[in-house]
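Have a look at the structure below, then the notes.
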Amino acid sequence: MEKIKMPTPLVEMDGDEMTRIIWEMIKEILLSPYIELNTEYYDLGLVHRNETDDQVTVDSANATKKYGVAVKCATITPNAQRMTEYNLKEMWKSPNGTIRAILDGTVFRAPIIVNGITPLIHTWKKPITIARHAYGDVYKNTEMAVSKGSRAELVVTDENGNETRELIHSFSGSDGIIQGLHNLDQSIGSFARSCFNFALDVKQDLWFATKDTISKKYDHRFKDIFSEIYEKEYKDKFAQAGIEYFYTLIDDAVARVVRSEGGYIWACKNYDGDVMSDMVATAFGSLGMMTSVLVSPDGVYEYEAAHGTVTRHYYKHLKGEETSTNSVATIFAWSGALKKRGQIDNVSELVSFAEKLEQATVRTIEEGVMTGDLAALSKLPDKKKVNTRQFLLEIKDRLEKLL
Ligand code: NAP
Ligand code: MG
């Protein structure tokens, strides 16, 4: 078989620890034998981020803007312990945060569903994708402790120096607390467009929910911006695609989600998304089966696994011990990016290869061959736990039968 060619490069962002090891293995075993990989490579491993004063992260995000599609390996977000471990010049910021800020993107997280690993919520048959707004609200808040006898007000000074005041509370009987939150119409608009575009891309309904009955200006603004953009820019496209945009209250949404069979995108405000994405991920099973894609409002895509660098397994690997690390989410990051590249460039062989790679991966697990994390969850009667490398070789066997 002749190798599949890629006319346009894919931005490749390498990463850290166990996922860096898996990254190399996926390329060696599952990709390079079949594709003439055309990637623009950026090493986002912590060593190289430190060497380049984190410039490599910025460069990789700008390259993603240029080429439209990227695939990213999990990376370490440094903390105090990593400062010593890697002898860092600075506590570099989270690469994901940096990339997200440059692309102005929204993260969509979706589980990969396989037979034998059943969600804890038994009605869920299809994936539920969570889209979390990644700007503002409580994550950029200002808080104060207030002592008894104080009066707290919201004061806004406009560009001409005029003040508008609203009483928050008179703390006559007790000490208390206050919090100032904000968001930006522009950021909410970008979030809405990313969600509508992604829904059209995957042809799934989009749900959005806030608490607009209680928060009549703040949450209501989210509702209005979504609705205006939908009516003006997306209503016809949704009708053509046969999908729906559905708005409800957040508590109603939670009740509906639990009773649903899945198969839609759930757009959440920042805090709701933080909480609900962990709830949904846990109920679907393993972190090793969660994919993640960052979508910018102008249609740039960056694919990755939702999990981290699996540090505990990496230290075992360094000691020469056998590991059984789940590579599924990282494989799907590659297949997602290759499929998107193929769609944009009209290379049908690439799209078809990516789909077969996904089928082969799912089939391997459904035939009972899996990594330790999945073996602990799978309800299949006969299952075989394999090591990190063996799992990829088992997928390769099945992939070759499909090609
Ligand atoms: P983690 O790497 O996701 O791993 C947490 C635990 O979850 C692992 O120890 C393992 O459990 C299990 N797990 C996660 N992925 C797995 C997989 N593919 N296969 C099998 N088991 C898996 O999270 P962490 O330990 O909190 O963070 C480690 C590093 O990753 C940190 O430096 C953090 O900054 C970084 N991180 C990066 C990203 C990103 O780049 N997107 C996201 C999150 C965290 P057992 O040990 O029980 O087997
Ligand atoms: Mg969280």
Side-chain angles (χ1 to χ4, degrees), residues 12-23 25-26 42-50 54 56-57 60-61 70-86 88 91-101 103 105 107-112 114 117 130 132 134 274 277-278 281-282 284-294 302-319 321-334 336 361 364-365 370-378 385-392 395:
E12 174 184 353
M13 305 168 174
D14 207 344
D16 288 298
E17 299 194 311
M18 199 60 208
T19 41
R20 188 180 180 98
I21 308 280
I22 286 176
W23 195 259
M25 286 186 191
I26 290 173
Y42 292 85
D43 183 1
L44 266 56
L46 187 50
V47 174
H48 193 240
R49 271 182 280 151
N50 192 52
D54 209 22
V56 65
T57 306
S60 73
V71 58
K72 180 180 171 293
C73 180
T75 45
I76 292 168
T77 298
N79 54 16
Q81 183 258 321
R82 301 293 195 172
M83 294 289 290
T84 9
E85 183 184 355
Y86 283 84
L88 300 179
M91 203 185 289
W92 306 110
K93 284 194 221 139
S94 146
N96 287 46
T98 304
I99 296 165
R100 198 165 56 209
L103 299 180
V107 173
F108 296 82
R109 260 178 148 209
I112 298 150
V114 294
I117 296 172
I130 297 253
R132 174 181 171 189
D274 189 350
S277 62
D278 282 4
T282 307
F284 270 110
S286 164
L287 253 184
M289 301 294 276
M290 286 297 278
T291 60
S292 174
V293 51
L294 176 73
E302 184 236 282
Y303 294 82
E304 65 170 332
H307 60 76
T309 59
V310 210
T311 311
R312 202 181 64 82
H313 296 212
Y314 180 60
Y315 289 147
K316 275 178 74 176
H317 170 82
L318 288 182
K319 281 193 260 168
E321 291 171 28
E322 184 168 81
T323 58
S324 181
T325 313
N326 188 343
S327 48
V328 171
T330 309
I331 293 170
F332 272 67
W334 273 100
T361 305
T364 303
I365 302 167
M370 59 195 87
T371 47
D373 59 320
L374 297 182
L377 293 173
S378 174
K385 176 184 161 183
V386 290
N387 68 30
T388 309
R389 189 176 185 86
Q390 191 59 38
F391 182 62
L392 296 170
I395 295 172

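Values below: all heavy atoms of this structure, side chains included; hydrogens, waters and symmetry mates excluded. If you're wondering where the values come from, they're calculated on a predicted model, not measured in any experiment. Order of listing sets the numbers, starting from 1, for every ligand and every atom in it.
To the nearest 0.5 angstrom, Asp278 atom CG is 6.0 Å from Arg109 atom CZ. Rounding to the nearest 0.5 angstrom, the gap separating the NZ atom in Lys316 from the CD atom in Glu321 is 6.0 Å.
Among residues two or more places apart in sequence or in another chain, the side chain to side chain donor-acceptor pair (under 3.5 Å) test is passed with Gln390 by none.
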Report each N/O pair between ligand 1 and the protein that falls under 3.5 Å, naming both atoms.
| residue | atom | partner | partner atom | Å |
| --- | --- | --- | --- | --- |
| ligand 1 | 2 (O) | Gly308 | N | 3.4 |
| ligand 1 | 2 (O) | Thr309 | N | 3.1 |
| ligand 1 | 2 (O) | Val310 | N | 2.7 |
| ligand 1 | 3 (O) | Gly308 | N | 2.8 |
| ligand 1 | 18 (N) | His307 | NE2 | 3.3 |
| ligand 1 | 18 (N) | Asn326 | O | 2.8 |
| ligand 1 | 19 (N) | Asn326 | N | 3.0 |
| ligand 1 | 30 (O) | Thr309 | N | 3.0 |
| ligand 1 | 30 (O) | Thr309 | OG1 | 3.2 |
| ligand 1 | 32 (O) | Arg82 | NH2 | 3.0 |
| ligand 1 | 34 (O) | Thr77 | N | 2.9 |
| ligand 1 | 40 (O) | Lys72 | NZ | 3.4 |
| ligand 1 | 40 (O) | Thr75 | N | 3.0 |
| ligand 1 | 40 (O) | Thr75 | O | 3.4 |
| ligand 1 | 40 (O) | Thr75 | OG1 | 3.4 |
| ligand 1 | 41 (N) | Asn96 | ND2 | 3.4 |
| ligand 1 | 41 (N) | Glu304 | OE1 | 3.4 |
| ligand 1 | 46 (O) | Arg312 | NE | 2.4 |
| ligand 1 | 46 (O) | Arg312 | NH2 | 3.2 |
| ligand 1 | 48 (O) | Arg312 | NH2 | 3.1 |
| ligand 1 | 48 (O) | His313 | NE2 | 2.8 |

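Taking a cutoff of 4.0 Å between a charged side-chain nitrogen and a carboxylate oxygen, Arg49 and Asp16 qualify as a salt bridge.
Of the listed residues (Glu304, Glu302, Glu12), just one forms a salt bridge (charged side-chain N to carboxylate O under 4.0 Å, His left out) with Lys72, and that residue is Glu304.
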With side-chain contact (heavy atoms from CB on, under 4.5 Å) as the criterion, how do Glu85 and Asn79 come out once you've worked through the C-alpha distance, each side chain's angles and the decisive distance to 0.1 Å?
CA-CA 10 Å; Glu85 183 184 355; Asn79 54 16; over 6 Å; no

